[in-house]
Amino acid sequence: MDPSVERKWQQKWLEAGIFQSEPDQDRKKFFITVPWPYTNSSLHVGHGRTYTTADIIARYKRLTGYNVLFPMAFHQSGTPILAFSERIRRGDEKTLKLYRDTLKEYENEEDIEARIEEFKEPQNIASYFSERIVKDFTSLGYSIDWRTRFTSGDPFYQEFVKWQFHKLNSLGLIKNGQYPVLYSINDRNAVGEDDIADGDIDKVTVEEFTGVIFRGKEFSLIAASLRPETIYGITNLWISPSCKYVKFRMNGDIYVVSEDSLEKMEFQHQNLEKIGPVNESDILSQEFETPLEHRKIKAFPSGFVDPDNGTGVVYSVPGHAVWDYMAIKEAGLNLQPIKVLELTGQDKSTVESLVSELNITSLNDSDRIKEATQRLYKLEFYDGKMLGNNGRFSGLGSEKARDEIKKELFNNEEGFIFYETSRKAQTRGGSKVIVAVLSNQWFIDYSVGWWKEASHDVVNSMMFYPEFYRNAMNDAVDWLRERPCARRRGIGTKLPFDEEWVIESLSDSTLYPIIYTNQEIISRIFEILGRLPDEIIEYVYNEGKEEILGNFNQEILELARKARIAKDYWYGVDIRLTAAPHISNHLAFYIMNHAAILPKRDNPRGIIISGLLLSNGAKISKSKGNAISLLKISTKYTADLYRLFVAVSADISSVLDWNETEIAAVKKKYDSFVDYLTKGEEGKTKEKTQVEHWFISRFNLHLKEFFTKMDAFDIRGAYISVFYEVLNDLKYVENRGGNVQSCIEAVKEQWLKVMTPVIPHTCEEIWSSLGHEDFVSIRKFSVEDVGKSDESIILSENYLQETISDLREIMKATGISPQTINVEVCGEEVREVAVIMKENRLKDVPPNLKSLIPEFMKIRKGLKMDVTNELEILNENREYIEGLFGCRVNVSKANVYPGKKNAWPGRPLIRLN
RNA sequence: GCGGAGGUUGCCGAGCCAGGUCAAAGGCGACAGACUCAAGAUCUGUUUCCGUAGGGGUUCGCCGGUUCGAAUCCGGCCCUCCGCACCA
């Protein structure tokens with residue numbers, strides 16, 4: 001249907017308010033939510049899949065009589081919107097281009113720059129795009145009750161979040177402590193993925209090195225290592241010949257590291273006191289002691305040492321590190337590698353074997369050295385076992401040894417944790433990114449035992465589709481530990497007990513679905529009072545007793561009561577529908593926060609995980625340019641086609657590819673559906689023969705399947721049955737020479753009702769053209785209303801088709817084009833014998849018919865006993881068969897042909913002439 | 001490496017949980033035919049191999065096992081995809 005037709009119905013739905021949901025104690029409720037979209041940009045086809053799926057479910061539930069609440073609100077917490085706005089202010093070309101491209105779809109050319117100017121204020125980005133998203137969702141026909149709309153930045157909501165954090169705190173789930181974060185030196189601020197140049201494509205993570213101390217007479221050297229388990233294999237130290245080294249004091253002792261490194265350490269440790277530069281020769285002339293063993297070793301210069309990685313000092317383990325091995329060789333030092341690890345697996349690679357395998361000849365072969373290093377590290381980590389020369393760590397697996405040795409080093413004050421970035425990184429503004437340890441970080445402690453237990457209980461009581469995500473969810477709950485829940489900057493709610501901090505954007509979005517149940521009322525209360533007192537929140541959302549509302553006036557009291565009733569009616573969430581990447585974060589937090597704070601009755605009840613949507617086989621991303629906006633979907637393809645595509649092309653859980661070929665295929669089917677329902681002529685509908693009855697019987701079967709599958713959230717299966725198969729059946733009726741129109745007349749209204757959840761605009765249009773004044777979108781229909789199916793008619797048709805396909809096969813095998821076809825149908829005598837033989841009573845077979853036994857044994861598998869009027873069926877359809885093969889067909893009842901081929905039940909005797 | 005999902009006939013993709021009626025749905029593509037001046041659209045049939053009678057052979061990543069019987073159950077192996085954290 002034309003987009004304008006879709007607009008028309010969207011307008012009518014809106015005006016009639018048919019999707020506004022009110023509590024109704026006489027009806028069962030159904031509450032479905034999708035996580036709120038983040039409002040830094042418009043949404044694309046990929047996002048649309050989950051919302052579309054949810055809408056289909058919401059509409060289906062409405063069809064079957066549920067009182068449905070399908071709400072929506074918007075997310076704006078966190079740093080991205082802030083960061084984008086900042087970049088626009090800075091005039092960052094990449095960001096400007098991104099927004100210009102996006103706005104092109106929504107604005108006139110001449111208005112774009114003015115809009116972008118407004119985006120210098122972050123709030124404008126959020127409000128602009130939430131407005132866009134509302135429009136786009138509307139244009140896709142979503143049956144959302146927009147009265148539920150709010151944002152994570154709304155003051156009333158922030159009051160709720162504060163209450164939630166007080167709650168968590170009083171349960172002992174909030175902690176404060178040290179935490180390493182990625183940090184920009186110049187900006188003096190923690191940075192996220194989007195703040196880092198190329199951070200989205202090439203992720204930067206925090207790596208935990210072990211800083212290892214080598215004591216010397218005048219000062220000690222610190223080397224940073226990822227592999228402290230190799231400590232017994234140390235032969236020497238390396239320093240960079242081109243690097244500035246500096247002395248500093250820490251806890252009274254004097255240490256030396258590279259200048260770059262000291263800068264980093266200052267962000268990780270307190271009380272470091274820089275003393276000043278130190279000469280290379282001062283380092284090289286000294287002896288140092290290895291930790292644990294206290295062997296004397298020396299430092300040497302080597303070009304491969306990077307002053308800006310770790311401490312700029314490297315301890316050398318030539319027995320297990322390719323760089324060290326090659327460096328010693330190249331410097332011509334007389335140091336023998338010490339082996340401290342052996343491999344227990346198949347692969348017995350060593351430094352030496354890899355050097356020769358990869359043909360590494362000098363330190364310049366850095367790519368190959370890196371490859372060798374990676375292979376060896378991995379191998380030795382998973383397969384390695386400590387040899388006998390490792391003191392009390394001998395015999396341990398490398399992973400275990402690493403932990404033990406670390407512990408020992410820390411205990412002896414010969415080591416400490418040194419954080420480093422996983423790669424060199426800069427912010428988009430060009431400032432260096434390092435790891436800083438924040439001393440005052442707030443956490444939610446998800447590792448608490450009773451909390452995990454309660455959460456598992458919730459997970460195990462819920463519905464999951466697909467079911468296997470239940471395990472994933474339980475794993476996620478187990479796997480969560482302390483999570484930083486606040487940041488120094490970003491949009492969001494201030495942490496109530498430490499206002500320097502802003503609650504992090506996933507942590508402020510866990511309980512909000514409960515707000516949907518009464519958003520209008522609660523924000524009204526906030527408006528009147530100018531705040532949202534905890535007593536109100538406790539009463540409305542947490543089963544508080546009405547007594548605690550003693551201080552409020554009648555108006556507030558009544559609003560609160562109304563809000564409470566709505567919440568009690570709608571909450572918990574029956575289905576939360578979202579994509580798989582949310583499992584280990586959002587969904588886990590969502591479940592755990594419910595489990596901790598809210599009463600059992602309000603726990604989540606079901607989760608549906610939707611698969612990825614690809615665009616022409618590729619992941620969708622704005623930078624790739626394959627992100628088709630939802631606006632374009634509704635104008636170029638129409639909402640109904642998109643919805644049908646989403647419903648029918650793949651199961652919810654599997655990957656769906658949006659590509660023109662498949663869209664065209666779905667469109668073809670859609671067009672033929674519309675044609676069938678709109679192009680028929682009235683009046684030619686009176687008499688029905690077997691085919692039409694067959695169609696109606698089949699239709700009723702399809703309907704039953706539809707309801708069963710929809711109830712199990714198998715949307716695709718349901719619509720294959722009620723859309724594709726019904727269309728195929730109609731085609732079949734047509735080819736059989738049946739009366740298609742009378743078939744359609746018979747099922748039209750029911751068919752429209754079940755198709756409405758997927759293609760609501762089309763169905764409304766046709767529905768109204770049938771003379772209905774109401775909306776098919778809110779008509780009811782459920783399994784109980786499905787008519788009967790006549791099984792014998794279906795069997796008869798099957799029998800006819802099987803006979804025809806037998807005819808075809810014989811013709812194909814023989815190559816004969818017959819003038820006449822004689823079909824002899826099984827007679828009573830043989831049928832009776834067949835029944836006897838089927839029941840395995842071979843001795844009851846009359847003697848004169850015993851000769852039939854061998855043939856029966858051969859073909860018994862193919863016998864169909866349940867069609868008893870074969871002669872009639874074939875006679876009635878004689879003309880049809882004749883038409884198919886272009887020859888005469890004679891049908892008769894067969895005699896018994898002892899010793900020859902016979903006609904059997906369901907398997908007539910066929911002779912071609 | 002850990003955790004999860006998966007490998008099906010030219011391609012996509014059902015089936016597998018509840019073994020037989022599975023040579024294995026549906027779609028796309030290909031081929032042939034009908035319609036048409038022609039193309040497109042639409043419709044019909046074919047699309048693993050063999051077959052002058054409705055039959056038979058060989059198939060569902062690989063190797064074994066259970067069973068009268070396995071695409072379906074069990075064990076091992078190979079390969080692909082997704083997640084592995086402070087980021088929305």
query: Given the P atoms of B:rA34 and B:rG15, what is the spacing between them in whole Å?
result: 39 Å
task: Using the C1' atom as the reference point in each nucleotide, state the distance between B:rC79 and B:rC63 in Å, no decimals.
output: 15 Å
field: A:Glu467 bridged to A:Arg470 by N-O distance under 4.0 Å
entry: yes
query: Counting only side-chain N and O atoms of A:Arg487, is one of them less than 4.0 Å from OP1 or OP2 of B:rA88?
result: yes
statement: Nucleotide by nucleotide, nucleotides 45-55 of chain B touches protein heavy atoms under 4.0 Å in the pattern (B base, S sugar-phosphate only, - none) S-----BSBBB
message: Without decimals, in angstroms, what is the distance between A:Asp508 CG and B:rA88 C1'?
response: 11 Å
salt_bridge(A:Asp651, A:Arg716) N-O dist < 4.0 Å: no
message: For A:Lys175, is the NZ atom crowded, meaning more than 12 foreign heavy atoms sit under 6.0 Å from it?
response: yes
Between B:rG51 and B:rG55 - C1' atom distance, rounded Å: 8 Å
- prompt: Which part of the nucleic acid does A:His586 contact within heavy-atom distance under 4.0 Å: base, sugar-phosphate only, or nothing?
  reply: nothing
- line: Note: A:Thr510 and A:Tyr590 closest approach over all heavy atoms is O-CD1, 3.3 Å
task: Output yes when at least one side-chain N/O atom of A:Lys668 is less than 4.0 Å from OP1 or OP2 of B:rG27, else no.
output: no
- line: When both distances are under 3.5 Å in a Watson-Crick or G-U wobble arrangement, the nucleotide paired with B:rA5 is B:rU80
task: For the residue pair A:Asn474 and A:Asn460, confirm or rule out a side-chain donor-acceptor distance under 3.5 Å.
output: yes
- request: Could you let me know what B:rG19 is paired to, Watson-Crick or G-U wobble, both distances under 3.5 Å, or none if it's on its own?
  value: none
message: How many whole angstroms separate atom CG of A:Leu727 from atom P of B:rA25?
response: 20 Å
- prompt: When the C1' atoms of B:rG54 and B:rG65 are considered, how many whole Å apart are they?
  reply: 37 Å
task: Remember a base hit wins even if backbone is also touched, and classify A:Tyr38 as base, sugar-phosphate or nothing at under 4.0 Å, heavy atoms.
output: sugar-phosphate
message: Checking base pairs now: Watson-Crick or wobble, both atom distances under 3.5 Å. What partners B:rG69?
response: none
- prompt: Quick one: OG on A:Ser509 to CZ on A:Phe589, what's the gap to the nearest 0.5 Å?
  reply: 11.0 Å
message: Taking the basic N atoms (NZ, or NE/NH1/NH2) and the acidic carboxylate oxygens, is any pair closer than 4.0 Å for A:Arg483 and A:Glu504?
response: yes
field: Whole angstrom value for the distance that separates C1' of B:rA34 from CZ of A:Phe885
entry: 16 Å
- request: With A:Arg911 as the cation and A:Tyr897 as the aromatic partner, state whether NZ or CZ is under 6.0 Å from the six-membered ring centre and within 45° of the axis.
  value: yes
message: With nearest nucleotide decided by heavy atoms, which residue, A:Ala580 or A:Leu884, maps closer to the 5′ end of RNA chain B?
response: A:Leu884
field: Length of the line joining A:Glu504:CD and B:rA85:C1', which is rounded to integer Å
entry: 11 Å
- prompt: Given the P atoms of B:rC50 and B:rU58, what is the spacing between them in whole Å?
  reply: 15 Å
message: Ignoring hydrogens, what is the shortest heavy-atom contact between A:Cys485 and A:Gln441? Give both atom names and the distance.
response: N-NE2, 4.1 Å
task: Among B:rA88, B:rC86, B:rG26, find the nucleotide with the atom closest to the side chain of A:Arg483.
output: B:rC86
Spacing of the P atoms in B:rG1 and B:rG76 (rounded, Å): 15 Å
query: Counting just side-chain N and O atoms, does A:Ser584 come under 4.0 Å of either OP1 or OP2 of B:rG83?
result: no
message: I need the CG-C1' distance between A:Leu795 and B:rU21, as an integer number of Å.
response: 14 Å
- prompt: Can A:Trp479 be classed as stacking with the base of B:rA85, given a centroid separation cut-off of 5.5 Å and a plane angle cut-off of 30°?
  reply: yes
- prompt: Would you say A:Glu882 has more than 12 foreign heavy atoms packed within less than 6.0 Å of its CD?
  reply: yes
task: State whether the side chain of A:Lys452 and the backbone N or O of A:Leu480 hold a donor-acceptor pair below 3.5 Å, judged by distance alone.
output: yes
- request: Round to the nearest Å and state the distance from A:Ile804 atom CD1 to B:rU44 atom P.
  value: 13 Å
field: Nearest-angstrom distance, P atom, B:rC68 to B:rC12
entry: 37 Å
task: Indicate whether any N or O donor in one side chain lies under 3.5 Å from an N or O acceptor in the other, for A:Tyr676 and A:Gln741.
output: no
message: Say we look at B:rC82 and B:rC28: how far apart would their P atoms be, to the nearest angstrom?
response: 29 Å
Separation of atom CG in A:Leu480 from atom P in B:rC84, rounded to whole Å: 13 Å
- line: pair_partner(B:rG33), Watson-Crick or wobble, both distances < 3.5 Å, evaluates to B:rC43
message: When both hydrogen-bonding distances must be under 3.5 Å and the geometry is Watson-Crick or G-U wobble, what is B:rC28 paired with, if anything?
response: B:rG10
- request: Would you kindly give the CZ-to-C1' distance between A:Phe443 and B:rA85, to the nearest whole Å?
  value: 13 Å
- prompt: Once each nucleotide of nucleotides 1-15 of chain B is scored for protein heavy atoms under 4.0 Å, what B/S/- sequence comes out, 5' to 3'?
  reply: B-S-S------SS--
